[in-house]
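Report on the following structure.
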Amino acid sequence: MSSHTLELAAAAASLRAAASTSKTSLENAIDDREDDEEVVDVAGHGRMSSLRPMEASSLDVTEIGSASSLKLPHSHVLTSDRVRRRSELSRHPPLDSPPAIEPETIELPVIKEYAGPYSRGTSSGIRPTDISFQNDVVFSSQKDDVEIAPSFPSSLAPSIRIDEDTDSTAPVMSTAQKAALKRKRLTNFMTLCFVVFMNGWNDGTTGPLLPRIQEYYGIGFAMVSLIFVFNAVGYVAAAVANVYLTDRFGFGKVMLFGSVLQIAAYAMLFPPGPFPLMCVGFTMIGFGLALQNAHCNGYVAASKENVPTKIGYLHASYGCGALVSPLIATQFSKQSHWSYHYLISGGLYALNSILLWFVFRGRRQEEIKKEVDDLSPDQDAIQTNKYKQIFSIRAVHIFALFSLIYVGTEVTIGGWSVTYVQEKRHGNSNAGYISSGFFAGLMLGRILLMWLNKKIGERRALFLYALLAIQLEVTVWVVPSLVENAVAVAFVGMLLGPMYPILLNHSTKILPRWLLTGCMGYIAGIGQAGSAVLPFLTGLLASRFGITSLQPFIVSMMSTMIVIWAFIPRARMVPV
């Protein structure tokens, strides 16, 4: 063998020995580093560095990201813990003994989509793109195979975002959609205001026509007061039947029925028939008005926001109707065909019926409010005996009693003041305009005094208004001046105006919301019954003691209101 060959063999042997020594020293360094240093996991998805450059090429990476084989030295017996630590250390070569050759990095594919329970949609609030996966290396005990498996490291937990406070199914409304809903809510509210306007129109008509009715039929104070009694019968009947009719037919149909009933009643009053027929007509008017009044108050009181303001404007519409109707009724009271005034009333109620149908379409209150996003937070209904629930609440009866006295006093002043001024202050037929002044004050008080109600508190404000109204009514009683009496009556109307809206607004804080419409119907029905009972008592007193008894009777009723209001609870006494 030549010397050259021997030299080559010796060089190869020395190289093999050096390589073996280097490998052994590197493995020993790794074993020592396992015991002395902490392993820091550096974020790097799917990356793996090989400690042995010559053996890195033996990794077989498939499309799903698995390495088929990795040749490990059999000179060491590796436990599973040591194998895992070695795999983690293999990503970071030791700082003190870097390898002679730059280690080759093998890029493993990253799993971008996971077909799991969260991959079907984002309704749960988790988006598939928000979940990242990291490939951990797990060494198998069979033939040293390596498997790449997806895991959910704790370091990735913040990347999973679950929106618990937001409803992912709730549609996001655009500005145009919000404006459309606002217009629909305003349309509904204005329609209800027109309904209440017509209620005021009806109540403001009676006062100026009352002396004309007495003259036409040749009857006295007690007999003509029967129209108030039969009107009260209709109100009480509607208060009792309101809950049943609402549950059976719903808000829209009951409102339309009440309006159509008004048309039929005015058709009976248009030709001045016998007086008993007029009493039947007033019974139908009372029934229809009570249904509409209850539902208007219940709808607005169950609104989502601005309830006190809405109630104030709603009942200001009543004052507006009661202001306009005496101006027209006074003119008809001077004519031979005085009953033609009811023809105008019937035409207005025909318009009211058309509006109710086209706006509400005979639907239930819950459907209408849901369509315009005006459901109150506690709109749930309790499917039990509502009559039993309503009548078992003590506050309901106190509210109803106050409503009876208040509405009765209001209608008594608006109706009998004309007769009082004509007989005691020697006024002529134009005294009917005093009734318009009273209801004009009523309308303005419900709008202009809202700021004062909020400033001093509604409960305190009502006491203040009642005391001032009593003082003004005393001046009407003792001061023999037509002008002063007319001005005082107008200011009395302004002070009485906010009382009914305050009553209804306070009832929404006391009464349960699921019974609100039924309670409103009962309160309004009893209140409208007061519009018949107190004027009827006034007629009886006038026939016995003369019309002079009107003023002390009104003062006593206002004093009674103060006493009743003191017994009304301040806070909710029943569960919501």
- Would Y349 and N202 count as having a side-chain donor-acceptor pair, cut-off 3.5 Å? no
- Message: Less than 4.5 Å apart, side chain to side chain, heavy atoms only: is that true for S417 and F438?
- Response: no
- Message: Closer than 3.5 angstrom, by distance alone: can the side chain of K369 be matched with the main-chain N or O of Y299 as a donor-acceptor pair?
- Response: yes
- Taking atom types as modelled, is there a side-chain donor on R212 or Y216 under 3.5 Å from an acceptor on the other? no
Result block: side-chain N/O donor-acceptor pairs under 3.5 angstrom for residues 537-544, not counting sequence neighbours:
from, atom 1, to, atom 2, distance (Å)
T538, OG1, L534, O, 2.8
S543, OG, G539, O, 3.3
S543, OG, L540, O, 2.7

- Query: Given side chains that start at C-beta, do those of M268 and M284 come closer than 4.5 Å, heavy atoms only?
  - Reply: yes
- Note on the structure: Heavy-atom closest pair (G220 atom, Q214 atom, distance to 0.1 Å) is C-NE2, 3.6 Å
- Message: Could you tell me if the side chain of Y465 sits less than 4.5 Å from the side chain of M499, heavy atoms only?
- Response: yes
- Taking C-beta and beyond as the side chain, do L192 and L314 meet within less than 4.5 Å on heavy atoms? yes
- Please check if the side chain of T246 supplies one atom and the backbone of F251 the other of a donor-acceptor pair under 3.5 Å. no
- Steps toward ring-ring contact (aromatic ring centres under 6.0 Å, His included) verdict (F287, Y235): CA-CA 5 Å; F287 193 92; Y235 276 115; 9.6 Å; no
- Message: Taking CZ in F567 as the centre, count heavy atoms belonging to other residues, nucleotides or ligands within less than 6.0 Å. Is the count above 12?
- Response: no
- Task: List the steps and the verdict of side chain to side chain contact (heavy atoms under 4.5 Å, CB included) for N231 and T283.
- Result: CA-CA 5 Å; N231 196 239; T283 304; over 6 Å; no
- Item | Exceeds 12 heavy-atom contacts within 6.0 angstrom, atom CZ of R460 | no
- What do the steps show when you test F536 against F228 for ring-ring contact (aromatic ring centres under 6.0 Å, His included), and what is the final call? CA-CA 6 Å; F536 176 70; F228 296 110; 8.8 Å; no
- For Q292 and S259, does a side-chain donor sit closer than 3.5 Å to a side-chain acceptor? no
- Task: Might you point out which heavy atoms bring A395 and I510 nearest each other, and give the distance in Å?
- Result: CB-CG2, 3.8 Å
- Report the residue from V407, I405, T412 that forms a side-chain contact (heavy atoms from CB on, under 4.5 Å) with T409. I405
- Mind checking the CD1-CE spacing from I447 to M494? Nearest 0.5 Å is all I need. 10.5 Å
- Task: Would you check if the side chain of S403 reaches a backbone N or O of A400 as a donor-acceptor pair within less than 3.5 Å?
- Result: no
- Query: Please walk me through it: do F257 and V254 pass side chain to side chain contact (heavy atoms under 4.5 Å, CB included)?
  - Reply: CA-CA 5 Å; F257 171 70; V254 173; 5.5 Å; no
- Give, for atom OH of Y266 and atom CG of L343, the distance between the pair rounded to the nearest 0.5 Å. 12.0 Å
- Message: I'd like to know if the side chain of R364 and the backbone of D247 have a donor-acceptor N/O pair within less than 3.5 Å.
- Response: yes
- Tell me, do I523 and L511 make a side-chain contact under 4.5 Å, heavy atoms counted? yes
- Query: Below 4.5 Å, heavy atoms only, C-beta onward: do L482 and I434 meet side chain to side chain?
  - Reply: yes
- Task: Look up atom OG in S549 and atom CD1 in I547, then write down how far apart they are to the nearest 0.5 Å.
- Result: 6.0 Å
- Message: Once salt bridge (charged side-chain N to carboxylate O under 4.0 Å, His left out) is applied, what residue pairs with a partner in residues 391-417 remain, sequence neighbours excluded?
- Response: E410-R446
- Note on the structure: A290 and A238 have their tightest heavy-atom pair at CB-CB, 3.4 Å
- Determine, stepwise, if the pair S339 / L269 fulfils side chain to side chain contact (heavy atoms under 4.5 Å, CB included). CA-CA 7 Å; S339 62; L269 297 178; over 6 Å; no
- Show your reasoning for whether side chain to side chain contact (heavy atoms under 4.5 Å, CB included) applies to N352 and I263. CA-CA 10 Å; N352 184 56; I263 299 174; over 6 Å; no
- Taken to the nearest 0.5 Å, the spacing of N293 CG from N199 CG works out to 5.5 Å
- Locate the shortest heavy-atom distance separating V476 from N485; write the atom from each residue and the value. CA-ND2, 3.5 Å
- Task: Classify the side-chain pair S333/H341 by whether it contains a donor and acceptor separated by less than 3.5 Å.
- Result: no
- Under 3.5 Å donor-acceptor, T309 side chain and N306 backbone: no
- Query: With under 30° as parallel and over 60° as perpendicular, where do the rings of F197 and F194 fit, or are they tilted in between?
  - Reply: parallel
- Heavy atoms, side chains only, cut-off 4.5 Å: are V196 and C193 in contact? no
- Please report the shortest heavy-atom distance between R459 and A566, naming the atom on each side. NH2-O, 3.2 Å
- Query: Does T508 use its side chain to pair, donor to acceptor, with the backbone of N505 at less than 3.5 Å?
  - Reply: yes
- Query: In terms of the angle between their ring planes, are H506 and W565 parallel, tilted or perpendicular, with boundaries placed at 30° and 60°?
  - Reply: tilted
- Item | Rounded distance [0.5 Å steps], NZ in K184 versus CG in L181 | 6.5 Å
- What do the steps show when you test H337 against Y340 for ring-ring contact (aromatic ring centres under 6.0 Å, His included), and what is the final call? CA-CA 6 Å; H337 302 292; Y340 282 14; 4.8 Å; yes
- Message: Counting C-beta onward and ignoring hydrogens, is there a side-chain heavy-atom pair between R361 and F358 closer than 4.5 Å?
- Response: yes
- So ring pair (Phe, Tyr, Trp, His ring centres under 6.0 Å) across residues 405-424, not counting sequence neighbours, yields F221-W416, Y406-Y500
- Distance in Å, L462 CG paired with N453 CG, rounded so as to fall on 0.5 Å steps: 9.0 Å
- Which atom names give the shortest non-hydrogen contact between A316 and M443, and what distance separates them? O-CG, 3.3 Å
